[in-house]
Amino acid sequence: MTRLTPDMIAGVPEDKIDLDSALMRMCGTTVKGMAIQAAGMEEDYDFSSFKVAVVPITSGLGVIGGFAQSVDAIVKRLGMNSYVTKGTDVQGFSEGIRDGADMIMMADDTMFIAYNVREGKQTNNSWGTAMGYSVCLRNAAGGLEGKDVLVIGAGFVGTEAVQILKGMGANVSVTDIIFEKAQALEKRFGVKAVKDKEEAISKHKLILNAAPASFPGRIMAEGCIVSTPGVPHEFDEEGKRRAKAIIHDPLEIGTAVMAVNSAFYSLKKH
Ligand code: 2YJ
């Protein structure tokens, strides 16, 4: 799993990439609209009564400069009442509980979760990322029913994406540099494992790239749509020209889906 670096998320708190405009252009929804769809809901919601504590975590490789502040800003853009705890780790968690937070968000080197305190339920970033990028792909493609979709990468996000995209009615193929991992998903979920990644890319107009690598534009199909959460993120000029849309951000799509999904554990009840 790739670790984010401060430079990858540098513009997130101030919304420098203006993801709302980019998603609106490519997929027809705002970030909040996409996240609401990803949580299986339709109408707009006012999340302002929902209090979120973001806890910086020092374990493992430690705090990533700007990470908690980025998560906080993303959650605020959804209209939630968010703040970064003063304390870190268990102290920060305890602070959130003490202050009456409805949700605690925190990440170490392997997991990033939103914990709904009221319901005792967690939403993890692998699912949030796979769901968010699948919804974006579906919206950009005008639906996925009966369409061929390639998932690159059979890790945590890829495994979630395979199931989600299949559930959206797509004919899913999956590829991984370790072919056995793609074959394992074929066996588990009845999707198609493909060995030749480059050939698969050139044959697909709809791609969810859940691997921490991009690919050369010369092998991309004209007019393809690439939903690509992986970091580092880099597509060459030819790729950018050939693609109808390249959907990417370093943190916001997955985080927004986690937060909104977590909030709905409480709000769906009322
Ligand atoms: O609180 C902090 O600043 C750090 N402990 C954040 C660590 C963020 N974690 C990562 O970037 C890992 N790659 C895990 C992310 C999970 C993505 N599915």
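Remember, it's 1-based here, ligands and their atoms both numbered in the order they're listed. For reference, positions follow the sequence shown, starting with 1.
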**OP:** Evaluate whether atom CD of Gln91 has more than 12 neighbouring non-hydrogen atoms of other residues, nucleotides or ligands under 6.0 angstrom away.
**Re:** no
**OP:** Answer yes or no: is there a donor N or O on one side and an acceptor on the other, between the side chain of Asp236 and the main chain of Gly239, under 3.5 Å?
**Re:** yes
**OP:** Using side-chain contact (heavy atoms from CB on, under 4.5 Å) as the criterion, point out the one residue from Val54, Leu251, Thr255, Ile64 that pairs with Ser70.
**Re:** Leu251
**OP:** May I ask you to identify, for Asp109, whether its side chain, its backbone, both or neither come under 4.0 Å of ligand 1 on a heavy-atom basis?
**Re:** backbone
**OP:** Compare all side-chain heavy atoms of Phe156 with those of Asn124 and state whether any distance is below 4.5 angstrom.
**Re:** no
Original post:
Has ligand 1 got any nitrogen or oxygen that is less than 3.5 angstrom from a nitrogen or oxygen of Thr110?
Top reply: no
Subject >> Parallel, tilted or perpendicular, as decided by the 30° and 60° cut-offs, for the rings of His248 and His233 >> reply: parallel
**OP:** Please identify which atoms of ligand 1 are closer than 4.0 Å to at least one heavy atom of Gly62.
**Re:** 4 (C), 5 (N)
**OP:** Determine whether any heavy atom of Ala68 lies closer than 4.0 Å to an atom of ligand 1.
**Re:** no
Original post:
Which atoms of ligand 1 sit under 4.0 Å from any heavy atom of Pro56?
Top reply: 1 (O)
Original post:
Between Val55 and ligand 1, is there a nitrogen or oxygen pair with a distance under 3.5 Å?
Top reply: no
Original post:
Hey, is ligand 1 close enough to Asp108 that some N/O pair sits below 3.5 Å?
Top reply: yes
Original post:
For ligand 1, is there an N or O atom under 3.5 Å from any N or O atom of Ile64?
Top reply: yes
Original post:
Side chains of Asp89 and Thr58: do they bring a donor and an acceptor to under 3.5 Å?
Top reply: yes
**OP:** Could you tell me whether Met111 and ligand 1 have an N or O pair separated by under 3.5 Å?
**Re:** no
**OP:** Answer yes or no: does atom CD of Glu14 have more than 12 heavy-atom neighbours from other residues, nucleotides or ligands under 6.0 Å?
**Re:** yes
